[in-house]
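So the structure is just underneath, and the comments pick up after that.
It should be emphasised that the depicted structure is a prediction, and the values quoted were computed from it without experimental measurement. Sequential numbering from 1 along the given sequence is applied to the chain's residues.
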Amino acid sequence: MRYFIDLAYNGTKYHGWQNQPNAVSVQETIERALSVLLQNPTTIVGAGRTDAGVHALQMVAHFDAVGVFDITSLVFKLNSYLPDDIVIYNIYEVNANAHARFDAISRTYHYKIAQQKNPFANGLAYEMSLALNIDNMNKASKLLLNHKDFQCFSKTHTDVKTYYCEISEAYWTAEDGFLIFTITADRFLRNMVRAIVGTMMNIGLGKTSLEQLHQIINSKDRSEAGFSAPACGLYLTHINYPEQIKLKL
């Protein structure tokens, strides 16, 4: 049987979601726990790959299991077994061909900037006390929707067939001492959101103009875009699926 897992994690101590040699990942940590509790080697496939230090308010993954088990009991045991920075919200049965990554319609990320020193945001937001022009940053965000090729925001030397992404929303809001960037797309390139945020911050600081943003995107050159904002402020917040799967989330 195939199952979806609805989970969240604080990514501070992990080298990203995906398994990799000589580094602890979220995927590896959950796989180890599942394998012990199900008494069978178990691998999971996530809906995406968050980088080292990036958090997830919602991540979805799938795994296959043989035999019958009590889902409520397994969720409880997993949460007892896993470290405090990973939580399992739910596990539910899906069709055998359901895929956590390929069936996802869109993904939403938030980036949090603390506008002043905040002890409760340490490691969970990027602290930036300089004044940022949020109006210009929102104008720049709207311009993103007019483009499809975002190679300029992608980490170099990545193994992808296309740099095309369909961004459906991108905007900034101010909430309780934080600036929050929200962006939704059908897919994201490696480092894409952090590179966009760094570029937007340069626009907010007046270092980059709105006219230059078009030139940066059309250049397809990562060196033309802004710096990569630190991973601590980035959150995967929502993954959207077709209705037949989404009803169970």
Side-chain angles (χ1 to χ4, degrees), residues 7-18 23-26 48-59 83-87 107-144 150 152-156 167 169-185 188-210 212-213 216-217 222-239:
L7 66 127
Y9 53 86
N10 179 325
T12 302
K13 298 179 181 178
Y14 299 96
H15 234 265
W17 164 265
Q18 189 177 16
V24 179
S25 70
V26 179
R49 303 173 182 177
T50 54
D51 291 335
V54 175
H55 318 294
L57 298 182
Q58 183 192 38
M59 169 62 87
D84 292 340
D85 48 15
I86 300 176
V87 61
R107 298 153 178 84
T108 299
Y109 281 89
H110 285 170
Y111 193 90
K112 297 181 68 174
I113 298 175
Q115 296 181 282
Q116 60 186 12
K117 187 175 182 179
N118 185 339
F120 302 105
N122 185 30
L124 298 173
Y126 176 47
E127 186 179 316
M128 164 61 81
S129 58
L130 297 176
L132 294 169
N133 187 324
I134 192 172
D135 289 336
N136 281 348
M137 291 162 70
N138 267 320
K139 290 176 182 177
S141 298
K142 289 182 180 180
L143 294 179
L144 294 176
F150 295 101
C152 72
F153 297 127
S154 173
K155 188 172 183 178
T156 57
I167 297 178
E169 64 175 357
Y171 59 90
W172 290 85
T173 54
E175 301 176 19
D176 301 323
F178 292 92
L179 289 182
I180 301 175
F181 179 56
T182 300
I183 184 168
T184 300
F188 288 91
L189 306 168
R190 286 194 64 187
N191 202 58
M192 178 175 166
V193 180
R194 292 166 60 192
I196 288 176
V197 170
T199 304
M200 293 290 170
M201 290 175 68
N202 283 343
I203 290 172
L205 291 169
K207 296 180 179 180
T208 301
S209 68
L210 296 175
Q212 286 175 303
L213 179 59
I216 290 170
I217 296 175
R222 178 64 188 90
S223 65
E224 294 293 319
F227 69 100
S228 291
C232 63
L234 184 58
Y235 295 75
L236 174 60
T237 60
H238 184 66
I239 303 166

Run the side chain to side chain donor-acceptor pair (under 3.5 Å) test against [X] and tell me which residues pass, sequence neighbours left out.
X: Thr199; result: none
X: Glu224; result: none
X: Ser223; result: Asp221
X: His15; result: none

Practice task
Decide yes or no for Arg222 and Asn191: does some side-chain heavy atom of the first lie under 4.5 Å from some side-chain heavy atom of the second?
Solution key: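 Yes, their side chains come closer than 4.5 Å.
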Handout entry: Thr182 side chain reached by Glu169 side chain, heavy atoms, under 4.5 Å
Key =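 Result yes, sub-4.5 Å side-chain heavy-atom pair found.
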Handout entry: Partner set under side chain to side chain contact (heavy atoms under 4.5 Å, CB included) for Glu127, not counting sequence neighbours
Key =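 With neighbours one apart ignored, the set is Lys117.
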Return the [atom1] to [atom2] distance between [X] and [Y], rounded to the nearest 0.5 Å.
X: His55; Y: Thr237; atom1: NE2; atom2: OG1; result: 13.0 Å
X: Ile134; Y: Met200; atom1: CD1; atom2: CE; result: 12.0 Å
X: His110; Y: His238; atom1: NE2; atom2: NE2; result: 10.5 Å
X: Ile203; Y: Met137; atom1: CD1; atom2: CE; result: 8.5 Å
X: Leu213; Y: Leu144; atom1: CG; atom2: CG; result: 6.0 Å
X: Thr173; Y: Leu179; atom1: OG1; atom2: CG; result: 8.0 Å

Exercise for the section: Evaluate the side chain to side chain contact (heavy atoms under 4.5 Å, CB included) criterion for residues Ile217 and Phe153: first the C-alpha distance (whole Å), next the side-chain angles of each, then the deciding distance (0.1 Å), finally the verdict. Expected result: CA-CA 8 Å; Ile217 296 175; Phe153 297 127; 4.1 Å; yes
Problem - Verdict with supporting geometry, Leu234 and Asp51, side chain to side chain contact (heavy atoms under 4.5 Å, CB included) - result: CA-CA 9 Å; Leu234 184 58; Asp51 291 335; over 6 Å; no
Provide the closest heavy-atom pair for [X] versus [Y] in the form atom of the first, atom of the second, distance.
X: Gly123; Y: Thr12; result: O-OG1, 3.9 Å
X: Tyr235; Y: Leu124; result: OH-O, 2.5 Å
X: Asp85; Y: Tyr14; result: OD1-OH, 2.6 Å
X: Pro230; Y: Arg194; result: C-NE, 4.0 Å
X: Cys152; Y: Ala225; result: O-CB, 3.6 Å
X: Ile167; Y: Ala185; result: CA-CB, 3.9 Å

Exercise for the section: List the steps, then state whether side chain to side chain contact (heavy atoms under 4.5 Å, CB included) holds for Leu205 with Leu132. Expected result: CA-CA 5 Å; Leu205 291 169; Leu132 294 169; 3.6 Å; yes
Problem - Under 3.5 Å side-chain donor-acceptor pair for Arg49 and Ser25 - result: no
Problem - Contacts of type ring-ring contact (aromatic ring centres under 6.0 Å, His included), residue Tyr109, not counting sequence neighbours - result: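 By the ring-ring contact (aromatic ring centres under 6.0 Å, His included) rule, Tyr109 matches Phe188.
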Problem - side chain to side chain contact (heavy atoms under 4.5 Å, CB included) assessment of Met201 paired with Tyr126 - result: CA-CA 12 Å; Met201 290 175 68; Tyr126 176 47; 3.4 Å; yes
Practice task
Could you tell me whether a side-chain N or O of Asn202 sits under 3.5 Å from a main-chain N or O of Lys207, the two making a donor and an acceptor?
Solution key: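 No, because the side chain of Asn202 does not come within donor-acceptor range (under 3.5 Å) of the backbone of Lys207.
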